[in-house]
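To start, the structure under review is shown below, and the notes come after it.
Values below: all heavy atoms of this structure, side chains included; hydrogens, waters and symmetry mates excluded. So that the names make sense, note that chain A is the first sequence line, chain B the second, and so on, each numbered from 1.
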Number of protein chains: 2
Amino acid sequence: MDVMLDTEGKEKSATHGAYRRLRGMILTGELPPGQKLKIEQLRGLLDTGASPVREALSLLTSDMLVERIDQRGFRAAPVSKSNFEEILLLRCNLEETALRASIANAEGAWEDRLVLRHHHMKKASQKGAPDFEDAHKAFHMALLENAKLPLLLRYCSQLYDLNIRYRYLAAGGPSYKKRDIAAEHQQILDAALDHDADSATRHLINHYRRTGEYLSSQMES
Amino acid sequence: MDVMLDTEGKEKSATHGAYRRLRGMILTGELPPGQKLKIEQLRGLLDTGASPVREALSLLTSDMLVERIDQRGFRAAPVSKSNFEEILLLRCNLEETALRASIANAEGAWEDRLVLRHHHMKKASQKGAPDFEDAHKAFHMALLENAKLPLLLRYCSQLYDLNIRYRYLAAGGPSYKKRDIAAEHQQILDAALDHDADSATRHLINHYRRTGEYLSSQMES
DNA sequence: CTCTCCAAAAATATCGATATTATTTGACAT
DNA sequence: ATGTCAAATAATATCGATATTTTTGGAGAG
């Protein structure tokens, strides 16, 4: 049957590959909010069978990027201003908790990872690499991961992804006002390395609130 | 093929039915933590095809009640004291946020639902009805639902379910120390109806902390 | 006696096809 | 014209079967 002769960049399983690709398409808006996601159409687009597509859509349902409608299939999750504001609210709440716990557990190895991820993000940002998104998320997650609270981390990751989506929808790409986010990131990093939880959370939350207001203003479309 | 001649309590779709039943079996410990969940075995147990079982397991993965292991199938999510403590921590954090928002939006219709759900729960408790679990959850969710924050509500619901599981595992059933939870519930209800957010959240969190300590002490098994 | 490697067995992941359910189309009556 | 109902169409949900991968069990070498 499918001989799996993937000569180049492959995926372990067809399901996982479909999941990754669909997720990317929804995050970037290639599959716009509310759009009906027909199995046949996606099966052709991803060049795979119906079962992996179905299962990928199921997985995306749990990420809240896809909605299942009773017995009428799937569709890309809709967006709304209130949804965006809820995401922002929860992010501020949960990431503050996580960041404080992370700093409370501070240790050398964690700080090293932090510095490294920050460096990678800066490098990717300067040369406008396409993996800036990944590097950016990796940095933000690194800030939180030392909390060693897996559930909390998972929620933060989910909310981060939901937020990415609004960035793309508002700005059409990751070029969201390249104002001074570099400086903001630097402030957060420095405060975290100083083990100054109050300062770090203040900077982090301001970082979110500011981009939140920017996106909110753009949301009259 | 399957003529769907469900003469009695049926389910809309085979997938949804399998999801519900598997979820119940995991919550009550009928499928113990860490147990391998083989498709064939479950297919026989639930008397359905492999596809619905697979999809139900995928859905349970997002509820964090089932883990998917690379290419080696599924297993019931493991339990641990640290996992339990994280659930408790997040519940206290998220439910406080939700309850305060709920009370801030207080309106007559909401208070009516609250009183009703509380009444149903009390009734189910007295006659030891098997649907006490459902009534109990319905009451707790009613406390939060007026926040009108769907994502937050979803997280609270998920965490509630994860917690149920530990109750069953520790006590072997919903008969978890019938000490004075009725009084505790009454206090929460009264404070909520008074729009006293501070009092309500204090009682709610104490309610969780107390059962948390009780379960934590039982966890040396 | 233990370890490694290969063959047999089991389980998963995936496909193609079918039955079921929802949606659309068009004819007919009001 | 408009609204309703039925047939046709399309899409989903599910099944049975196959290919792929993992696990098991045992034989032979050290």
Side-chain angles (χ1 to χ4, degrees), chain A residues 1-23 25-26 31-32 34-62 65-78, chain B residues 1-23 25-26 31-32 34-62 65-78:
Chain A
M1 211 169 273
D2 223 320
V3 194
M4 191 59 91
L5 46 70
D6 31 3
T7 24
E8 44 139 356
K10 83 314 228 28
E11 297 286 348
K12 297 187 245 242
S13 69
T15 295
H16 197 242
Y19 170 75
R20 292 288 296 268
R21 292 193 55 193
L22 286 175
R23 181 167 166 280
M25 287 196 279
I26 292 173
L31 291 173
Q35 170 152 329
K36 186 84 202 297
L37 301 176
K38 304 182 197 174
I39 306 282
E40 270 305 303
Q41 160 199 333
L42 298 176
R43 199 205 60 72
L45 191 64
L46 301 177
D47 188 41
T48 184
S51 305
V53 171
R54 257 191 100 65
E55 201 160 325
L57 289 173
S58 276
L59 293 174
L60 288 165
T61 293
S62 33
L65 289 169
V66 164
E67 279 186 0
R68 146 172 270 160
I69 333 170
D70 197 40
Q71 219 125 352
R72 282 184 283 273
F74 302 87
R75 71 172 171 194
Chain B
M1 212 170 273
D2 223 321
V3 195
M4 191 59 91
L5 47 68
D6 31 3
T7 25
E8 45 138 356
K10 88 306 229 30
E11 297 287 348
K12 298 188 246 236
S13 69
T15 295
H16 197 243
Y19 170 75
R20 293 288 296 268
R21 293 193 52 195
L22 285 175
R23 181 166 165 281
M25 286 196 279
I26 292 173
L31 290 173
Q35 170 152 330
K36 187 83 200 298
L37 300 175
K38 302 182 198 175
I39 306 283
E40 269 305 304
Q41 159 199 333
L42 297 177
R43 199 205 61 72
L45 192 63
L46 301 177
D47 188 41
T48 183
S51 305
V53 171
R54 258 192 99 66
E55 202 160 324
L57 288 172
S58 274
L59 293 173
L60 288 165
T61 293
S62 31
L65 288 169
V66 164
E67 279 187 0
R68 147 172 270 160
I69 334 171
D70 197 40
Q71 220 126 350
R72 282 184 281 275
F74 302 87
R75 70 172 173 194

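Taking 4.0 angstrom as the limit, B:Arg54 places none of its side-chain polar atoms (N or O) nearer than this to OP1 or OP2 of C:dT12.
Listed by chain and residue number, B:Glu55 satisfy the side chain to side chain donor-acceptor pair (under 3.5 Å) test with A:Ser58 (two or more places apart in sequence, or in another chain). The side chain to side chain donor-acceptor pair (under 3.5 Å) test applied to B:Arg43 returns no partner, not counting sequence neighbours.
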B/S/- contact track for nucleotides 5-11 of chain D, protein heavy atom under 4.0 Å: ------S
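Residue-to-nucleotide proximity on DNA chain C shows that, of A:Thr48 and A:Gln71, the 5′-proximal contact is made by A:Thr48.
Relative to the side chain of B:Ser13, the nucleotides D:dA13, D:dC15, C:dA13 differ in distance, and D:dA13 lies closest. In this structure, the nucleotide among C:dT14, D:dC15, D:dT12 sitting nearest to the side chain of A:Ala14 is C:dT14.
As judged by a 4.0 angstrom heavy-atom cut-off over every strand, A:Leu37 is placed among residues touching the sugar-phosphate backbone only. In this structure, A:Leu57 reaches neither bases nor backbone, as no heavy-atom distance under 4.0 Å exists between it and the strands shown.
Across the protein-nucleic acid pair, B:Asp70 atom CG and C:dT12 atom C1' stand 11 Å apart, rounded to whole Å. Counting to the nearest Å, the P atom of D:dA13 and the CZ atom of A:Arg43 are 17 Å from each other. Atom CG in B:Asp47 sits about 15 Å away from atom C1' in D:dG16, given to the nearest Å. Distance B:Gln41 CD to C:dT12 C1': 14 Å, rounded to the nearest Å. With rounding to whole Å, B:Leu42 atom CG is found 9 Å from C:dT12 atom P. In this structure, the CZ atom of B:Phe74 is 17 Å from the P atom of D:dT21, given to the nearest Å.
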Report the C-alpha distance between B:Arg75 and B:Val66 in whole Å, list the side-chain angles of each, state the deciding distance to 0.1 Å, and finish with yes or no for side chain to side chain contact (heavy atoms under 4.5 Å, CB included). CA-CA 6 Å; B:Arg75 70 172 173 194; B:Val66 164; over 6 Å; no
